[in-house]
Visitor: 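Okay, here's the structure, questions in a sec.
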Number of protein chains: 2
Amino acid sequence: MVTIQDVAKAAGVSPMTVSHVINEHPHVKTATRQKVLVAISALDYRVNIAARNLRTGRTGTIGLAVPELDRPYYGHLAALITEAAAEHKLHVVVEQTGATRESELRALALSRNRLYDGLILATVGLGAADSDLLRVDHPVVILGERIFDGPVDHIALPNVDGAQTAVTHLIESGCRRIAILDAAAPEAPHPDDAAPGERAAEVNVSTLRHTGYRTALAAAGIAYDPALVTGVERFTMRGGAEAATRLVESGVPFDGVFCVTDTVAMGALRAFATLGIRVPADVKVIGFDDVPESEYLVPSLSSIAPDHDETARTAVRLLVDRIQHGATGRPAREVVSGYRLVARETTAG
Amino acid sequence: MVTIQDVAKAAGVSPMTVSHVINEHPHVKTATRQKVLVAISALDYRVNIAARNLRTGRTGTIGLAVPELDRPYYGHLAALITEAAAEHKLHVVVEQTGATRESELRALALSRNRLYDGLILATVGLGAADSDLLRVDHPVVILGERIFDGPVDHIALPNVDGAQTAVTHLIESGCRRIAILDAAAPEAPHPDDAAPGERAAEVNVSTLRHTGYRTALAAAGIAYDPALVTGVERFTMRGGAEAATRLVESGVPFDGVFCVTDTVAMGALRAFATLGIRVPADVKVIGFDDVPESEYLVPSLSSIAPDHDETARTAVRLLVDRIQHGATGRPAREVVSGYRLVARETTAG
DNA sequence: TTGTACGCGTTATCAT
DNA sequence: ATGATAACGCGTACAA
């Protein structure tokens, strides 16, 4: 391996001068710089990043940990964050955690994080109960559901409001018996029914969106019917298709479905097509996330579109701030990203 | 920052002993190990990965560079490679290159690569003309189109054969006027029309699949009609929708479409739906890649399914081999992954 | 079984 | 404008 010393020797200068050239420090005579550059390319020298990182304590790289890379939502997010980070001259590398609480905590605690100036953790498994575990001493921004009063910076999706808007849209489109496809067990309690202590442990994407669902029904004077709640094993297309099939086979009449994510909705749409249920004629469907695919489905999928672009930019901005001003100085901030309803064919009149 | 020395002091041992404990070396008395472990957790010590990497010259991590993370194909690939690498106890981090030849070369040459024991580069922009640039001294495996006699290990997709199989399937399904949606300019020449020298520079996913298309037509005695060739600006859903729309508006009659990727096909399906063209009744459609979404579309998309799982495993295996036995020792190997035709609703009788 | 000494390749500090 | 020296934190060889 060719080192900076080899280059220095070849160019007849000191390693320090080579370093100056590499890092584009101003005070190097042009002639010297040339000599060094020639030596560098002659020897095909590459800086050793590990050594540089060790010395500087910085890497210029931030990590993005997502539960699963093969879900459109996270792929889209990764692309946007990569762009946003580039504006701060930061590299992004993405890791897959695996969608369990344990694996997310592992990602958080991993010593690998030393290789990143900061970490953006997209989480599905973590809840308010994990607050203590989130107390880490390096810059971290959590992206996901709402963890109130968490110890780290946090960007929440507009889960409750968004879900409420989605379901209200179904109601305004004429639906009265609205099913919901969301996380299977444990049965999500309505906040009003649970003690504060219990509730805390239950806060996740699914329960929050479930809350929005109930709120919308209540506001419209529609009774909540547990028979319309169908559990989805995993938030995948397959999970959505299976849940939708179970819903239909249960025989419970329904004229609208709110799906906890667009990916689940894609599965549900497929199942309805297979079962001969027409969308939107027989049943209207709406999802959440507005992944790029939704616009191109047939029928195109109505959805709640969080402002992904703003979310990505904010996440990077918060992280950069922590990187520059210390991970533990200021109190944690929480931001809820904006959203809008995107009405498409699956909820058309 | 708490170092290994701090731990040693706290535990009343030498840094060496702490190191042994961390790396689970056998010859440490249980009592000593306990003391050390207590000190580690008391001080919340984490090893400094940068220092370890510098010292060992290994990172236990491989990089995966993909053109765009928000395309289902690459998300899926990333997930599979992450799994395959885990079996070799290797971590995977994913980077987005940006889908241009320059950015892919940059990813290849990047000094960041020193942080990886090896790199898997999924490429779309590189061609045989870049052979020289691919001569790098660290372990690399290229994933993508076929670059004959390249200097690095290389896993090719079954582009020509797969495309031929797809188009033959359309023909057997009754299609006679089969359009193709593939890369826009430059006009892809049929191999027979081009001098060998020219051809070399033109080898990419699109031209290879185009070749398979022409081969299938020729085998069936169907004349090649340039009017049926429609250029796609980018291999995205939008690109597919726009190209399909142009095709329809051109007025050229057609009864089948071969799309260069499933993502392009998704866009085309959407455009046909908007234009009132029924699939498969009026037009049959087939894609390439068999992304997870294809199975769930309405109508579900027929496709050529490369053996993604095997591809991922092979890529990792080749890379691990290079890591263990040197990047430049043996000659480069080329593997073409297997595939199968998946006939679904878009080509149903 | 544990400790000492040193090197990995780079950059910061300070001096020249 | 350039260079000498000393870290950065860890792991390995070897000694004790």
Visitor: Give the rounded distance in Å between these two atoms: CE of B/Met16 and C1' of C/dC6.
Guide: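 In whole Å, C/dC6 C1' and B/Met16 CE are 13 Å from each other.
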Visitor: Looking at A/Arg234 and A/Glu68, does any basic side-chain N land under 4.0 Å from a carboxylate oxygen?
Guide: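 The answer is yes: the pair qualifies as a salt bridge.
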Visitor: Are B/Asp117 and B/Thr59 linked by a side-chain donor-acceptor pair shorter than 3.5 Å?
Guide: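 Per modelled atom types, B/Asp117 and B/Thr59 side chains form a pair under 3.5 Å.
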Visitor: Can a side chain N or O of B/Thr56 be found less than 4.0 Å away from OP1 or OP2 on C/dC8?
Guide: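 Result: no.
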Visitor: How many Å lie between CD1 on A/Ile49 and C1' on C/dC8, as a whole number?
Guide: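 Atom CD1 in A/Ile49 sits about 15 Å away from atom C1' in C/dC8.
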Visitor: Quick one: does A/Arg55 reach the base of C/dA12 with a side-chain donor-acceptor pair under 3.5 Å?
Guide: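 Counting by modelled atom types and ignoring angles, no donor-acceptor contact under 3.5 Å is found here.
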Visitor: Roughly, in whole Å, what's the span from CG in B/Asn48 to P in C/dC8?
Guide: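 In whole Å, C/dC8 P and B/Asn48 CG are 18 Å from each other.
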Visitor: Taking CZ from B/Arg46 and P from D/dC8, how many angstroms apart are they, rounded to a whole number?
Guide: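 Answer to the nearest Å: 21 Å.
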Visitor: Between A/Thr82 and B/Gln96, do the side chains contain a donor N or O and an acceptor N or O under 3.5 Å apart?
Guide: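 Their side chains do not contain a donor-acceptor pair, so the 3.5 Å distance test is not met.
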Visitor: Using only side-chain N and O atoms of A/Arg52, determine if any of them is under 4.0 Å from OP1 or OP2 of C/dT11.
Guide: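 Yes, because at least one side-chain N or O of A/Arg52 sits under 4.0 Å from OP1 or OP2 of C/dT11.
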Visitor: Roughly, in whole Å, what's the span from CG in B/Asn23 to C1' in D/dT12?
Guide: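 Nearest whole value for this atom pair: 11 Å.
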Visitor: Check each of A/Leu80, A/Leu77, A/Leu69 against B/Leu69 using the side chain to side chain contact (heavy atoms under 4.5 Å, CB included) test, and report the only one that passes.
Guide: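 Output: one option passes, namely A/Leu69.
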Visitor: I'd like to know if A/Asp321 pairs up with A/Arg317 as an ion pair, taking the criterion as any Lys NZ or Arg NE/NH1/NH2 lying under 4.0 Å from an Asp or Glu carboxylate oxygen.
Guide: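 A/Arg317 and A/Asp321: not salt-bridged.
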Visitor: Side chain of B/Ile4 only, please: which of D/dT2, D/dG11, C/dT10 is the nearest?
Guide: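 Shortest atom-to-atom distance from the side chain points to D/dG11.
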Visitor: Is B/Ser19 close enough to D/dG11 that one of its side-chain N or O atoms is under 4.0 Å from OP1 or OP2 there?
Guide: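 Result: yes.
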Visitor: Toward the 5' end of DNA chain C, which comes first, B/Val13 or B/Ala51, by nearest nucleotide?
Guide: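 Its nearest nucleotide being more 5', the pick is B/Val13.
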Visitor: Just checking B/Leu54: base, sugar-phosphate only, or nothing, at a heavy-atom cut-off of under 4.0 Å?
Guide: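 Base contact.
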Visitor: Would you kindly compare B/Ser14 and A/Met1 by the position of their nearest DNA chain C nucleotide and give the one closer to the 5′ end?
Guide: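 Its nearest nucleotide lies further toward 5', so the answer is B/Ser14.
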Visitor: Rounded to whole angstroms, how far apart are NE2 on A/His20 and P on C/dT13?
Guide: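 Whole-Å distance recorded here is 11 Å.
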Visitor: How long is the line joining NE2 of A/His27 and C1' of D/dT2, in whole Å?
Guide: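 The answer, rounded to whole Å, is 12 Å.
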Visitor: Can you see if the side chain of A/Thr32 gets near the phosphate of D/dT2 - specifically, an N or O under 4.0 Å from OP1 or OP2?
Guide: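 Yes.
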Visitor: D/dC8 P sits how many Å from B/Asn53 CG, rounded?
Guide: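 From B/Asn53 CG to D/dC8 P: 19 Å.
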Visitor: Does A/Thr3 make a side-chain N or O approach to OP1 or OP2 of C/dG9 shorter than 4.0 Å?
Guide: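 It does not, given that no N or O in the side chain of A/Thr3 lies less than 4.0 Å from OP1 or OP2 of C/dG9.
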